Amino acid sequence: MNVNDTAHTTNADNQPPANDYYRQDFVQYGNFVYENNINSVLFNRKGWEFSDPIIEFNTQETLVLRFDDLDANFKSFAYTIEHCNALWQPSGLAQYEYIEGFYEDRIVDYAFSRNTRVSYIYYTLEFPNSNMRPLLPGNYLLKVFYDGQPDRVVITRRFLIFEQKVAIEATVKQATNLDFRVLKQEIDFTINTSRYQISNPYRDLRVVVMQNGRWDNAIIDLQPKLVQGNNLIYDHEDGNLFWGGNEFRNFDIKSLRYRSLRVEGIASIPRGWEVKLMNDRNRRFMRYTTQSDINGRFLIKNEDYPDDYLEGDYVWVNFTLPLAEPLRNGSVYVIGQLTDWNATLVNRMDFNYRDGQYELRLLLKQGFYDYMFSFLEDGSSKGDETLFEGSHSITENDYTIFVYHRRPGTLYDSLIGIRHINTAVR
């Protein structure tokens, strides 16, 4: 969970106060929303809404960006891309080295919401396209900004373009380290370089492992434990461990005509809708139970009208987490893709002393949402989900392995291989 006071939602009544982040003149090289009127940002491979923004180099695969502007007054947005190294820092390449076509382009596809109490404009962008196309594999940052004002960035999104030059075999198992046997998951893998020459894997390779599409807890810069011919073996006992966590909590607000999953009540308010979720519980010491989830993601879906994206309304969703007293020296957050995995003023919970519970009110578009609770200690940069969710080595999770190579004499990291693996697939 990244610690940045950036807002993820909205422009409506009772909005949490904006903070200095909106007024600062800089860009974060991560997934962020910089304006409080921008909401419901989705970025995925075309054709699969639950996919990460990853496409293969020199293919017809494309990405789709979607977002809403709740100001509901038309604005002209533009975008550009920037090549990054394996650690998501600017690679330093000139634009002509990694962009074919225009260096900036406008977002021309938009439509106004229909049959909604909260008005918005829905914008979409399919990329790469005939106007702009990346020339190199690797990490990229997509920047959306006000047309003609490239310093006024409103959205940044990471995406990756890969060439499958190496083969990767991977397994996920309970931690070998007995101290974490029932708590953590171990990702062991082997990279086969028989079809691709790497002169010095310890110097020229960088390997990253990601859990459930989130970068905030990714493991970076793993070194091979052993090299056997063309096989680079990453079979560590400690460096490749993730907390197994728990199945995600979720709720369903695809319809506002009836109460669905974990919805306690639905109310009409002057400027929209209000939903009260059932009280959550601390699951730290509860036995693990299987539960269907979408591994922290969310889906925009509307069962009340035909069009999911133009007729889906916005809903104030109320989260409650009962606790005898507030936790000291830190704050509690609702996290997931719905908050870009960031710790912000908008998704920080407040403690209600009268009712003895943490509370949060978020404005979300109709759909299905996964989430968790995280405690962030003051001064820390990483949150602790295990305090409320517990951790189990048998939890179902998605993992992705990324292999980057910097050829001697070049200035950028090329993404030469990826491998997806799910703990449920043995």
Side-chain angles (χ1 to χ4, degrees), residues 2 28-31 52-58 81-94 97-98 134-142 156-172 185-242 341 381-382 397-421:
N2 293 330
Q28 293 287 329
Y29 283 79
N31 296 331
D52 295 319
I54 303 170
I55 56 175
E56 189 168 2
F57 188 57
N58 280 336
I81 62 173
E82 183 171 357
H83 194 277
C84 298
N85 64 21
L87 297 181
W88 294 102
Q89 300 161 341
S91 63
L93 297 177
E97 295 181 90
Y98 61 85
L135 289 173
L136 300 173
N139 290 351
Y140 285 87
L141 190 74
L142 174 72
T156 51
R157 280 295 181 273
R158 292 175 172 181
F159 69 97
L160 304 95
I161 300 178
F162 72 96
E163 282 188 293
Q164 200 67 33
K165 299 288 190 180
V166 297
I168 307 169
E169 293 297 326
T171 59
V172 181
Q185 295 175 339
E186 180 179 320
I187 298 84
D188 294 330
F189 55 96
T190 299
I191 301 172
N192 183 280
T193 63
S194 58
R195 296 181 300 164
Y196 183 82
Q197 184 177 2
I198 299 173
S199 57
N200 187 338
Y202 293 95
R203 181 194 63 195
D204 301 333
L205 277 191
R206 191 178 293 274
V207 176
V208 175
V209 186
M210 180 175 68
Q211 182 190 59
N212 295 330
R214 55 188 293 191
W215 292 101
D216 60 298
N217 67 345
I219 295 174
I220 61 174
D221 210 17
L222 279 174
Q223 294 291 320
K225 182 179 179 181
L226 187 64
V227 177
Q228 289 183 339
N230 293 320
N231 290 321
L232 311 179
I233 300 171
Y234 294 77
D235 185 1
H236 301 281
E237 290 190 3
D238 294 308
N240 53 349
L241 296 181
F242 283 87
W341 297 103
S381 61
K382 288 190 176 182
N397 288 302
D398 292 319
Y399 290 98
T400 307
I401 300 166
F402 302 96
V403 181
Y404 299 88
H405 181 224
R406 178 171 296 195
R407 286 184 177 276
T410 62
L411 300 176
Y412 69 94
D413 298 322
S414 182
L415 182 54
I416 62 170
I418 68 169
R419 175 64 190 271
H420 301 288
I421 188 169

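Residues take their numbers from the sequence shown, with the count starting at 1. Note that the coordinates shown come from a computational prediction; the quantities given were computed from them, not determined experimentally.
In terms of heavy-atom proximity, Q223 sits nearest to H236 at O-NE2, 2.7 Å. Residues V209 and F189 share a closest heavy-atom pair of CG2-CE2, 4.1 Å. Across V403 and I191, no two heavy atoms sit closer than the pair CG2-CD1, 3.5 Å. Contact between P408 and D204 at its shortest, heavy atoms only, is CG-OD2, 3.9 Å. Closest approach of P134 and I81 over heavy atoms only: CG-CD1, 4.1 Å.
A donor and an acceptor atom, one from each side chain of N397 and N212, are located under 3.5 Å apart. Using a 3.5 Å distance cut-off with no hydrogens or angles, the side chains of E97 and Y412 do not pair a donor with an acceptor. Side chains of T400 and H420: a donor-acceptor N/O pair is present below 3.5 angstrom, by distance only.
The side chain to side chain contact (heavy atoms under 4.5 Å, CB included) search around R195 returns none, not counting sequence neighbours. In terms of the side chain to side chain contact (heavy atoms under 4.5 Å, CB included) criterion, residue partners of A218 (sequence neighbours excluded) are, by chain and number, V208, W215.
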Side-chain donor-acceptor pairs under 3.5 Å in residues 224-235, sequence neighbours left out?
residue, atom, partner, partner atom, Å
K225, NZ, D235, O, 3.2
N231, OD1, N192, ND2, 2.8

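Among E82, H83, R406, the single residue meeting the side chain to side chain donor-acceptor pair (under 3.5 Å) criterion with S91 is H83.
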